[in-house]
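Have a look at the structure below, then the notes.
Throughout, protein chains are lettered first and strands after them, A, B, ... in sequence-line order, and every chain is numbered starting at 1.
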Amino acid sequence: MAGYKPVAIQTYPLLGEKITQDTLYWNNYKTPVQIKEFGAVSKVDFSSQPPYNYAVTASSRIHIYGRYSQEPIKTFSRFKDTAYCATFRQDGRLLVAGSEDGGVQLFDISGRAPLRQFEGHTKAVHTVDFTADKYHVVSGADDYTVKLWDIPNSKEILTFKEHSDYVRCGCASKLNPDLFITGSYDHTVKMFDARTNKSVLSVEHGQPVESVLLFPSGGLLVSAGGRYVKVWDMLKGGQLLVSLKNHHKTVTCLCLSSSGQRLLSGSLDRKVKVYSTTSYKVVHSFDYAASILSLALAHEDETIVVGMTNGILSVKHRKSEAKKESLPRRRRPAYRTFIKGKNYTKQRDDILINRPTKKHLELYDRDLKHFRISKALDRVLEPTCAIKTPEITVSIIKELNRRGVLANALAGRDEKEISRVLNFLIRNLSQPRFAPVLINAAEIIIDIYLPVIGQSPVVDKKFLLLQGLVEKEIDYQRELLETLGMMDMLFATMRGKEGTSVLEHTSDGFPENKKIES
Amino acid sequence: MVEEENIRVVRCGGSELNFRRAVFSADSKYIFCVSGDFVKVYSTATEECVHILHGHRNLVTGIQLNPNNHLQLYSCSLDGTIKLWDYIDGILIKTFIVGCKLHALFTVAQAEDSVFVTVNKEKPDIFQLVSVKLPKSSSQEVEAKELSIVLDYINQSPKCIAFGNEGVYVAAVRDFYLSVYFFKKKTTSRFTLSSSRNKKHAKNNFTCVACHPKEDCIASGHMDGKIRLWRNFYDEKKYTYTCLHWHHDMVMDLAFSVTGSSLLSGGRESVLVEWRDATEKNKEFLPRLGATIEHISVSPAGDLFCTSHSDNKIMIIHRNLEASAVIQGLVKDRSIFTGLMIDPRTKALVLNGKPGHLQFYSLQSDKQLYNLDIMQQEYINDYGLIQIELTKAAFGCFGNWLATVEQRQEKETELELQMKLWMYSKKTQGFILNTKIHMPHEDCITALCFCNAEKSEQPTLVTASKDGYFKVWILTDDSDIYKKAVGWTCDFVGSYHKYQATNCCFSEDGSLLAVSFEEIVTLWDSETWELKCTFCQRAGKIRHLCFGRLTCSKYLLGATENGILSCWNLLSCALEWSAKLNVRVMEPDPNSENIAAISQPSVGSDLFVFKPSEPRPLYIQKGISREEVQWGVFVPRDVPESFTSEAYQWLNRSQFYFLTKSQSLLTFSTKSPEEKLTPTSKQLLAEESLPTTPFYFILGKHRQQQDEKLNETSENELVQLPLTENIPAISELLHTPAHVLPSAVFLCSMFVNSLLLSKETKSAEEIPKDVDMEEEKESENSDEENDFTEKIQDTNNTDLGEDVIHQLSKSEEKELRKFRKIDYSWIAAL
């Protein structure tokens, strides 16, 4: 004694990307702003202080962009050769950069000339960073050395010569002023302590290390090199936590989302992948036009800036959410309507009658419930339903056929209505998933309207179109069968000795099409 | 230790409930329905079967309340007797022997000492309505041979006869005419439908008839869905009728409400229609009752209706058209495709139920436990519609998974196929749909089996199909960081020379899979899905395939359509033995090595029980059923029996049930029929005041025990405390609101007095004993002596306590009264 059971709509697996919270979040950006730089963009760094400007290192220049500006608001161009790794200090007032000639220069954001110049490296300095106490700078260079500089008197404090190849990346701990990490082309990532003047930890990445990243807590270290991104647990003495191989070219840059929940990696394969930092599964991925060299996220993930080898800087801003709020809200019933009668206590003679819960039914279900079959069919043949969700239309046709009333529902239609049905058939007849149901419907239509054919040129044209479609489909099927025969022959010769043939997914389950004559 | 008797085939449960109209008791507390050779008494409030009235020796064909005593029930049967029952206690009062087959029973209040029955005399399809005079006699069995014919040439079905307007006339319909017999005038009027005279294939045959309880109005139902209301039928020329038309198919039954204000009708649409004031406009519907309405009946009190349905169900419906209870038997009106299965959890029998449902049926209590909706689609019941059929089902992994296959084939080429996998949810205690696979195969699925090995870590399912492939489905984890999901996917597709796959079966440990392709049996390794070996006997298509179990697990059995039963040894890959046996059903016992095979020689069915290790059967029983046996199943026993005789040992741990073509469920039993029939509900005696809910049984039992205990103690002490409920003073005291009561001082004496008066006898005896003698010592000693003698007298005949009082002289009474007045001190001790 159940109620009306709604028509089961056949669902088909959605092709393409699944819609998840992450895809919604990461797709909620405007179309990217493209800025052309002079050369490959090797580094993008956001200031951690408002107004969240960002420094872009490309060729021999460093440009500083404001959040929404397309033109640089400041340019440092006093480099003789290529500049590398322009990095803001935590307070956003100083900027340090390395260069191809081995110099490290410190700039004031408001000034133009370098404030300090640290000379000591003999080869290109690819990585520089401020330590957590803001008064020191760490630099790594192609001369295999890592140096620690003092800002006030611009002197070298320490030199580490533990790497055996180019030092190309590094970062300083955000918590401990004495700890910093460098990655090198000798496949190792080393952690140095300024108090001990030698490395305290070394992990073997396995490939030349292109980028390293420390989690804000300092407990986890991420290294990228080759096609791998590896996560190391520092508190367990550098134990490998997980090794990710999701790119198919070298991973060049790493970045954490502002919440720390997601890790982003950019690669030469022109993709940025977003990982969950709890499961280390890829939850989203962006495509770019060229190989990616640098990547940065603004405060609160407001902006994604990606620098590429072709000198294009792609800036994506998050869509503002204020627009949705501006829509006029529908007036809801007042609060007192909801609490009305809620505090009524049952008297002795009262009989409590619960209001029966009403199940929501779709409009076509409501029609079917009342056996208004033609109306139900009309409803699902309306363009909004028939084009957007053809599976609903097909399910209703199938249900009508199951009830044995499909012919009744299709009969007695005028030119406009029948052409609507025919349009739907023409559009969907050749789809394998709908074909069995629609072929049956087409046969019924032909049976019903054969006597009146020739009275309407519009409908006649549609019938001819349908005929052409069916003929095309039959040819196609024949070709498919021929191919299948050929493949069977090949399989048979391949395993002639075995007594069995194991077939996997030979055809897509397309039933043989029947010839429809009209 | 069970006494060894011959094993007999017995019918077990699943009897028809919808054979005749159900009858309500006068107070609507009970409903009676015929069920095979019995009459069942159900409680309308709890759906519980209260009594089974057994005594008839053949099919019971009619029941009616005794119009002169509403606590009695008449029943008639094909064995030629009318029996009178006391349904409250379930006792047979009287048997009237008529002597010929009785097909229907009617009672009329005006005809006090006679009932009406339908009998057939000469030709098989000519029936007569006769009145039987029931002689008044005190003996248990009375011959009632005094028959007088009322109407001749009538329809067999009781739906086609109705008594109207307090028994003034009787209306009967057959084919195209309505005959009315007036008892006073002793004349018959006959009305023929006009359209039927010339048209040979007119569809307006009469199907049923009902009479208005107060007015002269007859309602008749017709094949074409029309209902006609006949009036003025006293005159054969001036009669009129009006037509009511809503049903689009045959009207199955009609009933007037008690007052006659509304007419109920039902048919194949499974909609109960209530016509108010006999007008076409005023009608109410109760839709989606599940199956064709066969009968409608109305309770004499007028508050309930009930409908009997073709799916062996009785629905009790309130006056306001709300279903209040469902009494569901084993659903049997459709062919069984799924076969018999046992749910490993509930040990219930599982088979096709309502359209699109799987029914779980308890064999112990002969009751349907629940229906699992597999199709989840609106059921349209119409003649000639091709419905989706639930064709295969299987349980796996100890009842954790259920696989079902449904198909609908309209034409040769158009096949709809769907496989569903259901997971048992502990939270909801039911099956939840997990995976739906559209078109798992290109053609019909012929077999479905789970790998039920204990150590298998991954649930595995195999389907075999006519398209020549068998597919292996496994459960895979599909969860990602957003959701947890497990689903079934296809793991392997196998075939053998494009032969149709007909059967599949896993070995007990799950290491081997046997799939039969027409005449050939193939064995596959379940780890790698490699073909291991093939057996071919060239003796026809394989119909059944099963592995031996336990010690016989090295054997594989196959039965072919040409009547050969073969047993292969898997170790030597050779034929061990074969026998000529046309096996219809082959079922392995899950608890032992035994295998039951039912063969079908030219007539009847024979049962063979054997072990695969030896070709000699353990047990043979010929002629277990006259008709074809379609399905069989072993049901594990809860408590193992201990038959010592070798021939019966196969029944020790399991019971074998089988289903014949006419869908009667049979089993083997050694118990005598009386023992077998003892219903578990026998103890559940009906009590007048309370509805018999399970909760009540617990409480009632508890209370009964308490009562008994009380009785015991009171008997021992010889002191009967007064029942407080019976004393007006106390009830007044308790039921008056406290704020209007006078102060306790006033009430006290009244209260105490009331207590004393009520136990006059006892106090009279005991006072002399208990009273403090110090005060009374001065008074006459002789009195005391007197009292003692009285006491002795009393103990001698306690029953006559009151008489003793009367025997006391007036002076003595006075003395006693005096005692009573001063006799308050003992109260304090209470």
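Side chains of B:E416 and A:K398 form a contact here, defined as non-hydrogen atoms less than 4.5 Å apart.
Dense packing is recorded around NZ of B:K283, with more than 12 heavy atoms of other residues, nucleotides or ligands lying under 6.0 Å away. Around CD of B:Q376, the count of heavy atoms belonging to other residues, nucleotides or ligands within 6.0 Å exceeds 12. Heavy-atom neighbours of A:K359 NZ from other residues, nucleotides or ligands within 6.0 Å: above the threshold of 12.
Between B:R288 and A:Y4 the shortest heavy-atom distance is NE-N, 3.4 Å. Annotation for A:R402 and B:I388: closest pair CD-CD1, 3.7 Å, computed over non-hydrogen atoms.
Contacts of B:E284 classified as salt bridge (charged side-chain N to carboxylate O under 4.0 Å, His left out), with partners at least two apart in sequence or in another chain: B:R276. Taking B:Q418 as the reference, A:Q10, B:E406, B:K420, B:K436, B:H438 meet the side-chain contact (heavy atoms from CB on, under 4.5 Å) condition, with sequence neighbours excluded. For the salt bridge (charged side-chain N to carboxylate O under 4.0 Å, His left out) test, residues two or more places apart in sequence or in another chain that qualify with B:D373 are A:K5.
When the candidates A:T11, A:N401, A:V7 are compared by the number of heavy-atom contacts under 4.5 Å with chain B, A:N401 comes out ahead.
Within residues 363-377 of chain A, the residues having any heavy atom under 4.5 Å from a heavy atom of chain B are, by residue number, A:K369, A:F371.
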